*Asks:* 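Pasting a structure below so you can have a look.
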Amino acid sequence: MKNENLKQLLQETLDKCSHYTREGTVASYIPELAKAAPNDFGICVISNDGAVECVGDCEKKFTMQSVIKPIILLLALEDRGAEAVNSLCGMEATGKPFDAFNYSDRALQSEHINPMINAGAIALCTLIKGDSYDEKFSRLLDLARRLANNPSLDVDESVYLSEKATGNKNRALAYMLKAYGMIGGDMEEVLDMYFKACSIQATAQDLASIAFVLANHGSDPRRAERMIREDHARQVNAVMAICGMYDGSGEFALRVGIPAKSGVGGGIMASVPGRMGIGTYSPSLDKKGNSLAGVYALELLSERLGLSVY
């Protein structure tokens, strides 16, 4: 599709889906997230010729929240390898909310969680290399900056402090993981890293840039550079396809059919292998925590462009 036609399609999609911004609900369990403007809506696509097309609020900053989880998984894979990651964290969809406790009626085991839910991401933070959790976080932030091709990515301090003050469910999850012997160390340090990771600010274009690298199996053709190992990028794409949209992942696979990761900050990062990276932003969420307008926009784009990998 020619760039001018893609731009027109994106604008049509934005216009057709904008009413969904009034039907969802902005996340409020983290108080700072409740301040988001519910009508914000942006879509960005980076196609494999390197062309960047954006419409709407593509430069509006928001916190990545769970969209950081694929990057946590990537860095754990790069640092420790697939065997260590897969022994700590399963790959199957849980069919439960992202912050659920009751994964199983048996003792908690690695196969009961996955990297795209809170418990799995918290566990994988312990695999990232570094002499301290400050160093581990710095390496994670550096990877996010490189993948997004944006050295200015940084933490929204107000959201971070809000998460830290109210994140008791995540504390319970971390201590549950420790109680079952799955992770060790100082849980407050692990959690501090996780809260900071979720509070990294990005834009829809940043998400599209990260997805663009994943779509090219770890390379960035624009920079003629391999960013991450091909097998690790493929694993992340697969995990996003299986469980990247919380307990709405199966429905998303049928409706849209591409690897994607959502966050309660309103972002969705979608990778179309071999074709494009897509980032959307709209903070009005459905009942499962996914951006309502973002999901409908991706569904329309998938239909019009034949994006489904299935």
Side-chain angles (χ1 to χ4, degrees), residues 1-27 32-68 144 147-150 152-153 156 159 200-212 214-215 222 244-245 248 252 255-256 258-272 275-286 289-305 307:
M1 175 175 280
K2 293 181 179 179
N3 294 339
E4 60 268 23
N5 294 335
L6 178 58
K7 181 82 169 185
Q8 180 180 350
L9 174 59
L10 293 182
Q11 188 61 55
E12 291 173 0
T13 300
L14 190 86
D15 294 341
K16 287 180 180 179
C17 296
S18 61
H19 68 94
Y20 290 112
T21 64
R22 299 186 292 275
E23 298 181 19
T25 304
V26 172
E32 280 294 314
L33 295 186
K35 298 178 180 179
N39 293 331
D40 284 348
F41 189 16
I43 308 170
C44 181
V45 170
I46 302 178
S47 50
N48 257 20
D49 60 1
V52 180
E53 296 294 346
C54 294
V55 294
D57 299 305
C58 281
E59 297 304 317
K60 189 71 175 281
K61 291 183 179 180
F62 55 92
T63 52
M64 293 179 74
Q65 300 299 322
S66 285
V67 182
I68 197 62
L147 292 173
N149 197 22
N150 182 357
S152 69
L153 288 190
D156 182 323
V159 174
I200 295 172
Q201 284 186 318
T203 66
Q205 184 167 336
D206 292 326
L207 300 194
S209 292
I210 298 168
F212 179 72
L214 291 171
R222 298 172 299 175
M245 300 296 287
F252 187 85
R255 288 173 57 186
V256 184
I258 57 178
K261 185 70 196 85
S262 60
V264 295
I268 301 178
M269 179 178 73
S271 163
V272 188
R275 294 186 63 180
M276 64 183 65
I278 308 173
T280 69
Y281 170 58
S282 176
S284 293
L285 310 178
D286 63 20
N290 296 317
S291 170
L292 194 61
V295 169
Y296 276 100
L298 289 167
E299 182 177 18
L300 278 179
L301 290 175
S302 183
E303 289 174 357
R304 291 288 300 275
L305 298 174
L307 300 182

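Along the sequence shown, residues carry numbers from 1. A quick note: this is a predicted structure, and the numbers were derived from the prediction, not measured. Computed over heavy atoms, backbone and side chain alike; hydrogens, waters and symmetry mates excluded.
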*Asks:* State the OG1-CG distance between T21 and L285, to the nearest 0.5 angstrom.
*Replies:* 12.0 Å
*Asks:* Output the distance between atom CE (M245) and atom CD1 (I268), rounded to the nearest 0.5 Å.
*Replies:* 4.0 Å
*Asks:* Mind checking whether C44 and L207 have side chains closer than 4.5 Å, heavy atoms only?
*Replies:*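 The answer is no, as the side chains (C-beta and beyond) never meet within the 4.5 Å cut-off.
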*Asks:* Looking at side-chain heavy atoms only, is the closest gap between K61 and D156 below 4.5 Å?
*Replies:* no
*Asks:* Measuring from atom CZ of F62 to atom OH of Y281, what distance do you get when rounded to the nearest 0.5 angstrom?
*Replies:*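 Going from CZ on F62 over to OH on Y281, the span is 7.0 Å.
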*Asks:* Looking at A211 and A270, what are the two nearest heavy atoms and their distance?
*Replies:* CB-O, 3.1 Å
*Asks:* Is the backbone of L9 close enough, under 3.5 Å, to the side chain of T13 for a donor and an acceptor to pair up by distance?
*Replies:* yes
*Asks:* Give me the atom names and distance for the closest heavy-atom approach of N290 to S262.
*Replies:*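 Between these two residues, the closest heavy atoms are OD1-OG, 2.5 Å.
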*Asks:* For residues I46 and S209, determine if any side-chain heavy atom of one lies less than 4.5 Å from a side-chain heavy atom of the other.
*Replies:* yes
*Asks:* If you measure from CG on L298 to CG on L307, what distance do you get to the nearest 0.5 Å?
*Replies:* 8.5 Å
*Asks:* So how far is it from Q65 CD to K261 NZ, rounded to the nearest 0.5 Å?
*Replies:* 10.5 Å
*Asks:* Might you point out which heavy atoms bring A260 and F252 nearest each other, and give the distance in Å?
*Replies:* CB-CE2, 3.6 Å
*Asks:* With heavy-atom distances below 4.5 Å as the criterion, would you say the side chains of C17 and F41 are in contact?
*Replies:* yes
*Asks:* Look only at the side chain of K7 and the backbone of C54, and say whether a donor-acceptor pair between them is shorter than 3.5 Å.
*Replies:*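 Yes.
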*Asks:* If you look at every heavy atom in G266 and S291, which pair is closest and at what distance?
*Replies:*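 For G266 versus S291, the nearest heavy atoms are O-CB, 3.6 Å.
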*Asks:* Please report the interatomic distance CD(E12) to CG(L14), rounded to the nearest 0.5 Å.
*Replies:*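 The distance works out to 11.0 Å.
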*Asks:* Ignoring hydrogens and angles, tell me if any N or O in the side chain of S271 forms a donor-acceptor pair with the backbone of A215 under 3.5 Å.
*Replies:* yes
*Asks:* Look only at the side chain of S284 and the backbone of R22, and say whether a donor-acceptor pair between them is shorter than 3.5 Å.
*Replies:* no
*Asks:* Identify the heavy atoms of I258 and I278 that sit nearest to each other, and give their distance.
*Replies:* CD1-CD1, 4.5 Å
*Asks:* Would you mind reporting whether V256 and E299 have side-chain heavy atoms less than 4.5 Å apart?
*Replies:* yes
*Asks:* For a 4.5 angstrom cut-off between non-hydrogen side-chain atoms, does L147 reach F212?
*Replies:*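 The answer is no; the side chains never approach within 4.5 Å.
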*Asks:* Search all heavy atoms of V45 against all heavy atoms of M276 and return the closest pair with its distance.
*Replies:* CG1-SD, 3.7 Å
